[in-house]
Enquirer: 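Below you'll find the structure I mean.
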Number of protein chains: 2
Amino acid sequence: MDAREAVETIQREMTVFARRARASAGRLHPELSLVSYTLLGHLEDSGGCRATDLAAHYALDKSTVSRQVTALERSGLIERRQDPTDHRVQVLHLTDAGRGILAQVTESRRAAFRERLAAWPEPDLERFAEYLVRYNAWGGSGARGAG
Amino acid sequence: MDAREAVETIQREMTVFARRARASAGRLHPELSLVSYTLLGHLEDSGGCRATDLAAHYALDKSTVSRQVTALERSGLIERRQDPTDHRVQVLHLTDAGRGILAQVTESRRAAFRERLAAWPEPDLERFAEYLVRYNAWGGSGARGAG
DNA sequence: TCCGTCTCGTTGCACAGTACAACTTGGCGC
DNA sequence: GCGCCAAGTTGTACTGTGCAACGAGACGGA
């Protein structure tokens with residue numbers, strides 16, 4: 001396989017993956033779409049951030065994030081805290097309920113991935129993880145293009 | 001990074017990727033969404049098939065495929081041919097216009113990937129491609145689960 | 001101090017993609 | 001022929017999304 005062929009393969013396989021991801025996005029959890037799961041996960045990782053940060057990181061419109069956040073707050077999974085130094089800003093935080101559901105969904109996803117990756121030798125797993133990080137890091141948090 | 005950590009990273013990065021893929025799906029071509037691009041690609045690969053086959057292969061409802069097909073036909077990218085042996089069946093075929101646009105979109109996607117992967121050393125490209133193939137091959141064409 | 005301009009977020013609107021259910025049309029077995 | 005099955009279409013509803021317009025607050029220069 002030469003470089004040209006490898007790029008071709010990466011394109012094709014990424015497309016296949018994207019299609020399947022979309023197909024299974026709705027079946028994640030009765031209460032959590034793939035988007036809201038992702039947003040919750042980011043809140044956990046970051047320890048709380050602004051809606052604008054979420055929008056930038058996931059290439060979503062701020063209005064989309066705003067609505068998702070509203071829904072998540074209505075479900076009691078996150079809470080908004082006014083930033084005392086800047087009253088325009090709302091810092092979003094997971095609630096205990098949110099943390100619980102997030103852990104639950106993460107665990108079931110993790111189990112699916114573990115099963116799927118069970119036969120992989122550890123060095124391959126590590127390289128694959130590293131490649132994905134490198135791929136997604138391209139162009140910074142708002143990367144566009146060959147998604 | 002140990003294996004547990006690597007699986008975790010793969011899960012997270014695949015999710016980020018899926019999210020961004022969706023974000024850029026609409027900007028593929030003014031005339032072609034990611035879905036219709038995929039369907040067109042399948043028609044090219046298979047050399048013509050039924051709407052029901054497309055639905056089954058991509059885990060889509062037949063009504064969804066029906067509407068996509070209607071749109072693609074209206075745009076002159078595909079044509080329906082009655083199956084002479086079974087009048088319920090319409091076999092879908094690419095038109096020349098459809099083949100042209102498909103090639104064009106494939107090429108622009110390929111260029112985007114090439115740009116994105118330009119800085120990668122060739123051995124990494126090849127390994128990454130191989131990992132993706134291995135990942136997607138899991139469970140065959142209708143694989144479900146950790147998308 | 002006040003005005004222009006920026007940022008953060010919400011809301012109104014429109015649209016794509018999707019599923020489910022009901023239906024039409026056509027084939028097939030008894 | 002009758003009943004059932006298969007292929008596709010259409011009605012309806014919902015979700016996720018973006019863009020544009022807007023409101024509220026911050027910030028800097030005249």
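Naming: A, B, ... by sequence-line order, numbering from 1 per chain. Atoms considered below: every heavy atom in the structure, side chains included; atoms not considered: hydrogens, waters and symmetry mates.
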Enquirer: Categorize A/V35 for me: base, sugar-phosphate, or nothing, with a 4.0 angstrom heavy-atom threshold over every strand shown.
Expert: sugar-phosphate
Enquirer: Looking at side-chain heavy atoms only, is the closest gap between B/F113 and B/R116 below 4.5 Å?
Expert: no
Enquirer: State whether the distance check finds a donor on one side and an acceptor on the other, under 3.5 Å, for side chain A/R88 versus base C/dT7.
Expert: yes
Enquirer: Mind checking whether A/D124 and A/L117 have side chains closer than 4.5 Å, heavy atoms only?
Expert: no
Enquirer: Which is true for A/T52 with a 4.0 Å heavy-atom rule: it touches a base, it touches only sugar-phosphate, or it touches nothing?
Expert: sugar-phosphate
Enquirer: What is the distance from CG of B/L39 to P of C/dG17, rounded to the nearest Å?
Expert: 10 Å
Enquirer: Return no unless some side-chain N or O of B/R80 is found under 4.0 Å from OP1 or OP2 of D/dA7.
Expert: no
Enquirer: Side-chain N or O of A/S33 less than 4.0 angstrom from OP1 or OP2 on D/dG16?
Expert: yes
Enquirer: Return whichever of B/S36 or A/D86 has its heavy-atom-nearest nucleotide of DNA chain C closer to the 5' end.
Expert: A/D86
Enquirer: Give the rounded distance in Å between these two atoms: CG of B/L34 and C1' of D/dT17.
Expert: 15 Å
Enquirer: Please report, rounded to the nearest Å, how far the P atom of D/dA7 is from the CG atom of B/L60.
Expert: 16 Å
Enquirer: Starting at atom CD of A/Q68, determine the distance to atom C1' of C/dT10, rounded to an integer number of angstrom.
Expert: 15 Å
Enquirer: How many Å lie between CZ on B/R50 and P on D/dG8, as a whole number?
Expert: 6 Å
Enquirer: OP1, OP2 of C/dT10 versus side-chain N and O of A/S63: anything below 4.0 Å?
Expert: no
Enquirer: Send over the distance from B/L72 CG to D/dT9 P, rounded to a whole Å.
Expert: 12 Å
Enquirer: What about the rings of B/Y135 and A/W120, do their centers lie closer together than 6.0 Å?
Expert: no
Enquirer: Report yes if some heavy atom in the side chain of B/L43 is under 4.5 Å from a heavy atom in the side chain of B/L39; otherwise report no.
Expert: no
Enquirer: Does a distance-only test, which skips hydrogens and angles, find a donor-acceptor pair under 3.5 Å between the side chain of A/R67 and the base of D/dG18?
Expert: yes
Enquirer: Using OP1 and OP2 only, check whether a side-chain N or O of A/Q90 sits under 4.0 Å from C/dC8.
Expert: no
Enquirer: Tell me the closest heavy-atom pair linking A/A97 and A/G76, and the distance in Å.
Expert: CB-O, 3.7 Å
Enquirer: Counting side-chain heavy atoms from CB outward, which of D/dG16, D/dT9, C/dT10 is closest to B/S66?
Expert: D/dT9
Enquirer: Figure out the CG/P separation between A/L32 and D/dG16, and round it to whole Å.
Expert: 10 Å
Enquirer: For B/D61, report the nucleic acid contact type (base, sugar-phosphate, nothing); a contact means any heavy atom under 4.0 Å.
Expert: base
Enquirer: Rounded to whole angstroms, how far apart are OH on A/Y37 and P on D/dG16?
Expert: 16 Å
